[in-house]
Structure formats: structure tokens, C-alpha cells
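Step one of this worksheet: look at the structure below.
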Amino acid sequence: MAKIMRKITDGILFAATWFFAAITLLVLLFIIAHIVINGVPYLEPRLFEFTFTSENVSMMPAIISTVFMVFLTLIIAVPLGIFTSIYLVEYVKKGNKFVMLIRSAAEMLAGIPSVVYGLFGMLMFGQFFGLGWSLAAGVLTLSIMILPVVIRTTEEALKSVGDGYREGGYALGSGKLRVVFRLVLPSAVPGIMAGVILAMGRIVGESAALIFTAGTVPQIPQTLGASARTLSVHMWALSGEGHHVGEAYATAVILLLIVLVINTAAAVIAKIFTAKGSGA
Amino acid sequence: MSISIKNCDLFYGDFHALKGIGRDEGMEISENKVTAFIGPSGCGKSTFIRVFNRMNDLIQNCKITGEITIDGQNIYEKSTDITQLRKNVGMVFQKPNPFPMSIYDNIAFAPRTYGIKKRAQLDEIVERSLRQAALWDEVSDRLKKSALGLSGGQQQRLCIARTLAAEPKIILMDEPTSALDPISTGTIEDLIRELKKTYTIVIVTHNMQQATRISDKTAFFLMGEVIEYDKTRQIFSNPKDKRTENYVTGRFG
Ligand SMILES: Nc1ncnc2c1ncn2[C@@H]1O[C@H](COP(=O)(O)OP(=O)(O)O)[C@@H](O)[C@H]1O
Ligand SMILES: [Mg+2]
């Protein structure tokens, strides 16, 4: 009797799992199909011209702004995040109060909605530091936003490096600096890279935080002080105005492609990382 | 160089891991001999061997008291230069831990740490160390290849060569063959017999045959204490303590 009951519950659970998995997949496919069907017909060469006009809402300036935004934000946040993690993992004693504070702060920062970052960035960088709506304000805001991501993944990567390297290095008389930078960090690079790519995804997909800080000017920014709209913001702006919904979908197609490439890269790197293992 | 230990106690937090080693007449580890540490696992062999190069410094809440003298200097004095100490006292670990870099760079790691940069000098050290570790013939044509591509036994000899490149006087080995097959183990045992002509060797081993094959003196550990320390022949053929006898005859442990 119990056996039959178990078989029945197993069967129901199995069916339910499949059912929900199928629904998830269908919704996803529906969204992608919807974007592709609505966007691809509008993907014309003129959408990739270097200037934006009200007749031709080219997304090229937004693509270039996105590249700037990603590049500059990573240049600030990645070194900062890596050094913070090295400090947290390699230098501080376990159970240190200060570290626990930093770590919970980072956890909290990771959970804050991005609009809040936008608001903070606008008040802090835009108004207090007088940067206005600019590439610089956007970059600084996003740097703060992705810092927790970089810190957390780097910490994981550093911790997963086997203690064998550390012991071997110290046993040869090396100092901490040499052990960390010559032995531990190189082995952690693939894990750190995966984190950086995750952060890139966050930057590319961000809109709320940027609308408040980098503004929505649809031209290629000439200086750090100029406003710049990234692809996500571009899409938001086009769909909001209502005149260029087709072009908004076309932008979404490009955005989707970029995110796809980034995620694939992350998956490949993670795979290399786990296949190689790390450290004795 | 010899090592002398006087009344050494070690605590991991509240846990008393080493209890008064060398408490009465002191314990001497002689120069250019192989000294083996045997005993059931968890009795403190690794803990004790790591006292000699201060590897325990890396462990939080680890407290050591007593006097450990190497080359006439108490190594736990504040003035001790740890880099110099670890240059003199090399260590080989249980699991081979070649660094993820080329064979050449592995061997050159220590000399570079001490500031040797000249290519010719490094070449010379690399070749000499690999020859000493009986590995040169197998790797001389692939020095630029990753050390991770070597077999387990080769990796362990590489780690020995890497230690030799620092020109130590004492070499500590913590169960260096426990992760290896019998043939690689034999190669390393031959190597140890060769090395003791020039170096003082302290080896932890879980294998009593190995202790009889390669060591001159043996210390038997039990629950953080040295129960008996004597010539290896004495320990295995005519132990003074009943507990030693029980262990070496395989009645427990
Ligand atoms: N880092 C550490 N922290 C706390 N206890 C430890 C630590 N390392 C070893 N010990 C304890 O000290 C005792 C001796 O360990 P160890 O020296 O590794 O034994 P052996 O090498 O003889 O097997 C064991 O009970 C072990 O659990
Ligand atoms: Mg051990």
C-alpha cells in the first residue's frame, strides 16, 4: 500500500516538475520570439549610423556609449573589488568584526534595487559633486553598484585556490605579497573573470540607475562630462516616446544578442575553471 | 645543522596538541641523519614537524612555548628572520604541490624570492637542483612545460628539487610518499638516502617499514607526546616502552 502511495506521489511530483519547467521554457521562448518577430523587421542598416536624428533613431551612439560605460565602470570597480577581496580573504584574521561589517555591507548593497543607486548617484555625483547627467556620474554609480558582485565572486575564487600553493610558497620563505600575487591570484583568474563578466551583464542590462545619472542624450559622448544613453536606456526611451516602438524592439534584439554572448562567455570560462580545478 | 627541542608545548586554542616534548633532558635531532616520526594519526607528528620552520605561524590561535634551537638560535625569538629560517629549513608536503607554472619557474621560485635574477645563475641552480632530486634526466627537455603535467612521483621529486634550490640545511618531509605508488616511493626513498649525506632530514611517515629502511633515529608519538626516541634499530627491535612495542609490532594504531 505504502509502496503504491509512494509511486503515485513520485508520479505526481515528476509530472509537476515537468509541467512547471515546460511553462518556464515556454514563457522564455515566447518573450524571445516576441522580441525577434517584432524587432528583426526594423533592423535596418540606417539604425547603425553614427548620428541620431529624430527621423533616424540610430542605436549606434547607444552601442558606443554602452561600450564606454562597460569599459570605464570595469576599470574602476574591478581593481577596487579585487584588492578589497584580497584584503578580506588573505590579510584579515577570521572572525574579525570589521570584516564581518564589510561583508554584510556588501551583501546588503547587492540586494538594493538599482533605482536606489540611481537616486543616490544623482544626489551624490550629479548634484553634490556637480557632475550633472554625465558619463562620469553613470560610471561612478554603476561602479558602486557592481562592486559587491566583483567582491563576492573574487572572494569565492580566492578561497577555492588550494592551500597547497600557499603552504608551498611560505615554506620556501616567500612573503605574503609574493604568495598572494604570484601563486594565489593567477590561479583565481578564471573565477574572477566569471565575476567580471557577470558584472558586465549587470552594466549592459542597467537602465534605472543610468536614467538618473548618465541621462538620455542619444549622441556619442565627446567627454566624460557629457550625458550618454546606453542601449538599455535607449530602448526604454524609444518605447516610452511611443513613436518608435519597432526600433525599440530592434534595439532589444541587439541587447539580447549582447547578453547572450556575455553569458556564453561566462559559461565557457566557468567550465574551464571547474575542469582545470585549482591548486593542490 | 642540528635541532634541539626543550620542553615544547603547543596549543590550538584550548587543545593541547604537543605536550612537553623534550621536557627532561631535551631532544636532539642530529645533523646529516634521517630522523623519522611515527605514531598513530592525530598524535601530533605534522604539528611537531611544522614547529621547525614555523609553519604553525599561519594558523590562528596556535600558541607555542618552549625552546627550539637551530644553529644556536632560538627560532621563536622575536628577532628571528622567518624568510632566512625557511630558507635554511625546507619542507616537502604530503600531497605534491607543484605551482601552476613551468618546471623551470617552480625550481627558480625560491632563488628568485631571495633576489637572484641572473639567467645564467638561475639556469645553474635549476639544473643542479633537478639533478640532486634525480629528476633532471626525465625533464631536461621540457623545462618550459607546466609542472602540472608531471606524474605524481615526478611532482614530488620536483617539490624536493624546489626545496633544494633554496639551499637549505634541513629538510622536513611530512609523509612525502603517502600519495605515491610503490615504485615512486622507492625512488624517493633512494633519494632520501642520498640526500642525508648533505642535509639533515626529518620525515613523518605512517609506514613503519619505511622508517626502518631510511631512518637513523625514530621518535614514537602518542597523543601529543614523544613516548620514545632512540636509534631506529633500537625502537623496532628492542623498545623500552610497552606502548612503543605495541605500536611497532602492530598491536594497535
Ligand atoms: N589547525 C588546527 N587546529 C586545531 N586542531 C588541529 C589543527 N591541526 C591539527 N589539529 C589537531 O592536532 C592533533 C594533531 O594533528 P596532526 O599533527 O595533524 O597529527 P598527525 O600528523 O600525527 O596525524 C589532531 O588531534 C588534530 O585534530
Ligand atoms: Mg600528519
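In the text below, chain A, chain B and the rest are named by the order of the sequence lines, each starting its count at 1. All heavy atoms count here, side chains included; hydrogens, waters and symmetry mates do not.
Heavy atoms closer than 4.5 Å to chain A are found in the side chain of B:Arg50, but not in its backbone. Residue B:Val89 touches chain A through its backbone alone, counting heavy-atom pairs closer than 4.5 Å. Heavy atoms closer than 4.5 Å to chain A are found in both the backbone and the side chain of B:Phe109.
No side-chain heavy atom of B:Asp57 sits less than 4.5 Å from a side-chain heavy atom of A:Tyr170. Taking 4.5 Å as the limit, every side-chain heavy atom of A:Glu167 sits out of range of all side-chain heavy atoms of B:Met91.
Contacts classified as ring pair (Phe, Tyr, Trp, His ring centres under 6.0 Å) and involving residues 45-66 of chain B (residues at least two apart or in different chains) are given here: B:Phe37-B:Phe48, B:Phe48-B:Phe52, B:Phe48-B:Phe221.
Remark: A:Leu25 CG is packed, more than 12 non-hydrogen atoms of other residues, nucleotides or ligands lying under 6.0 Å away. Residue A:Met193 places its CE atom among 12 or fewer non-hydrogen atoms of other residues, nucleotides or ligands, all under 6.0 Å distant. When the shell of 6.0 Å around NZ of A:Lys159 is examined, it contains more than 12 heavy atoms from other residues, nucleotides or ligands. Counted within 6.0 Å of CZ on A:Phe125, heavy atoms from surrounding residues, nucleotides or ligands total more than 12; the atom is thus considered enclosed. Within a 6.0 Å sphere centred on OH of A:Tyr91, heavy atoms belonging to other residues, nucleotides or ligands number more than 12. Around atom NZ of B:Lys144, more than 12 heavy atoms belonging to other residues, nucleotides or ligands sit under 6.0 Å away.
Across every non-hydrogen atom of B:Asn53 and A:Ala171, the tightest pair is ND2-CB, 4.4 Å. Among all heavy-atom pairs drawn from A:Leu172 and B:Ala110, the shortest one is CD2-CB, 4.1 Å. Residue A:Tyr165 comes nearest to B:Pro100 through the heavy atom pair CZ-CD, 3.4 Å, listed as atom of the first residue, atom of the second, then distance. Taking both residues in full, the closest heavy atoms of B:Thr113 and A:Ser174 are given as OG1-OG, 3.5 Å, listed atom of the first, atom of the second, then distance.
The distance from the CZ atom of B:Phe99 to the CZ atom of A:Arg182 is 9.5 Å, given to the nearest 0.5 Å. For the atom pair CG (B:Leu58) and NZ (A:Lys176), the distance works out to 8.0 Å, reported to the nearest 0.5 Å.
For the options B:Gln60, B:Arg112, B:Lys87, heavy-atom pairs under 4.5 Å to chain A are most numerous at B:Gln60.
Annotation: side chain to side chain donor-acceptor pair (under 3.5 Å) contacts of B:Ser129 (sequence neighbours excluded): none.
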